[in-house]
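Comments concern the structure below.
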Amino acid sequence: MVILIRYGEIHLKGLNRPQFERRLKDNIKIVLKEFKGINIKRINGRFILFGFDENYIDDISEKLKNVFGIHSFSIALETDKDYENVKKESLRMFWDAVNKAGAKTFKVAAKRSDKSYKFDTMELIRELGGYLFENTNGISVDVKNPDITLNVEIREMAYIYTDIILCRGGLPVGCNGKAALLLSGGIDSPVSGYMTMKRGVLIECIHFYSFPYTGELAKQKVIDLCKILSGFGGGIRLHIVPFTEIQKEIFEKCPNSELTIIMRRFMMKIADRIAAANECSALITGESIGQVASQTLESLNCTNTVTNLPVIRPVICFDKQEIIEIAKDIDTFETSILPYEDCCTVFTPKRPVTHPNLERIVNSEQVLDTETLIKSAVENTEMIVVKG
Ligand code: ATP
Ligand code: MG
C-alpha cells in the first residue's frame, strides 16, 4: 500500500512551485514523524507516501487530512504497470472494496500519463471493466452513480484505488511568510491562527502569562493549543511573556475603566517587538467587532495604533457561533473551554470604557515607565518549541 497525495496544481499559479513542493513535503514529514519508515517521492505533480507500517494507515490518514496544501489523497496499490499485474491487483482491490461497502454497482475510471502504454484511457476502462465484470457475480456496471469506482492511474508505475479522501486544501504552512499570533487560551485566537496558516503563513505564537494569577495549567492549555495547530503544518514556536508586573502597574496607576484597553496596547507593543526579532511581517489576533468592550471599533483603533505591522484579524466579522463551529471542526474547542483563568480575566475593570478616546488613553499611560516595562517583559520571555 502507498498513499497517493494530490496537491491542487491549479492553485500553484504565481507561487514558486519547487518551494511549494519542498514545504509541503517537509510539513508532511514533520506531521507524520511518529510513524517510522515513512518516505515520500514525487511523481509528476503528486507525492507518493510509502514505507509505513500498514497497521497505522488510519492514524496516518487522520493526520494527513489536516496538512494544509493537500487537496486530496487515496490509499492505493502500487504495482508494475504490466497489464496482467494491473488486472490481478485491480480485482483484489475491487473485491476488498465490494466486501467492505456491500456494493451492487461499479465503474472503472482511468488516467494515463504514460502515453506509450498499450491501451489508451478509453480502451483501458473498457478492458478492465469487462474483466472485472466477468469475474464478479451479480455486480453490474453503472457509470452515472456507481457504489464503487475503481480508479487506475498509469504512470511510471500503476496506481489502483477506490476512494478519494478530500482534505482541507490551503497552502503549505511556511510558503507565505511568517506572522505572530497573539494566542490567549480562548476560543477565538486559535481559530484565527488556523485560518492564517491555511494561507501558507507560518505562525509564531505569543502568550501573555500572569503568574501566579494564572498557573501552570493555563500555560499547559496554551501549549496544547499550539500542539493542535502544529498538526496543520509542522512545529510552532511559543513565546511566553511574563505579564504580571505590567498588569499590576496599570492596575495601580491608571484609571480602572481603561485597564483592559491599556493592557491590550501593551500586548500589541510587546508582540510588535517579538515579531521584529523573529522576522514576522504581521500580527494576528482573535478580535471580533463588538464581542467585548475592548473590541469596539474605537477600542480596536486604540490598540492598532501602537504597531506599524499589518494586524490580521481573520474572525473580525464572524459571530461567536461561527467561530465555535470552526473551533470544533479543528479540535481546539474542548481545550479552549477548559476553565483556567486567562490574564485578562484577572484584572478586569468594573466598568470598562466601550468608546475609548485615543488621546485620553495615551495621556493615562504617561504615568507608566512603558519602555522599561516592555524591555523587562521581552527579556524575560521564555521560548518553547512545540511539536505535534
Ligand atoms: P480569545 O477567545 O481569543 O481569548 P477573547 O474573546 O477572549 O478572545 P480578548 O480577551 O479581548 O478576546 O482578546 C482579544 C485578542 O487579544 C485575543 O483573541 C488574542 O489574540 C489576544 N489576547 C488576549 N489575551 C491574550 C493573552 N493572554 N495572550 C496572548 N494574546 C492574548
Ligand atoms: Mg481571551
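None of the values given here were measured: they were computed from a predicted structure. Both counts, for ligands and for their atoms, begin at 1 and track the order of listing.
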Just one of F94, F133, W95 clears the ring-ring contact (aromatic ring centres under 6.0 Å, His included) bar with F106, so which one? F94

Taking distance alone, with N or O pairs closer than 3.5 Å, would you say S189 contacts ligand 1? yes

For S294, take its heavy atoms, then give the atoms of ligand 1 lying under 4.0 Å from any of them. 11 (O)

Give me the ring orientation class for Y209 and H207: parallel if the planes are under 30° apart, tilted from 30 to 60°, perpendicular past 60°. tilted

Ligand 1 and G185, any nitrogen or oxygen pair closer than 3.5 angstrom? no

Nearest heavy atom to atom 23 (C) of ligand 1, choosing from G186, A271, S184, P190, belongs to S184

For atom 21 (C) of ligand 1, tell me which residue out of H207, E287, R264 has the closest non-hydrogen atom. R264

Heteroatom distance test (M267, ligand 1): nitrogen or oxygen, under 3.5 angstrom: no

What are the atoms of ligand 1, with element, lying closer than 4.0 Å to any heavy atom of G286? 17 (C), 18 (O), 20 (O)

Looking at ligand 1, does any of its N/O atoms fall within less than 3.5 Å of an N/O of I187? yes

Within 6.0 angstrom of K320 NZ, more than 12 heavy atoms from elsewhere: yes

Would you say V292 and ligand 1 have an N/O pair spaced under 3.5 Å apart? no

Quick one: are the ring centres of F68 and F232 less than 6.0 Å apart? yes

Per-atom contacts, ligand 1 versus T285 - under 4.0 Å to a heavy atom: 20 (O)

Which ligand 1 atoms does L183 reach within 4.0 Å, using its non-hydrogen atoms? 28 (N), 29 (C), 30 (N)

Side chain, backbone, both or neither: which part of I206 has a heavy atom under 4.0 Å from ligand 1? backbone

Verify the distance criterion only: is there a donor paired with an acceptor across the side chains of S210 and Q247 at less than 3.5 Å? yes

If you count every heavy atom of other residues, nucleotides or ligands that lies below 6.0 Å from Y56 atom OH, does the total exceed 12? no

Check whether the ring centres of Y7 and F73 lie less than 6.0 Å apart, and answer yes or no. no

Any donor-acceptor pair under 3.5 Å from T285 side chain to L182 backbone: no

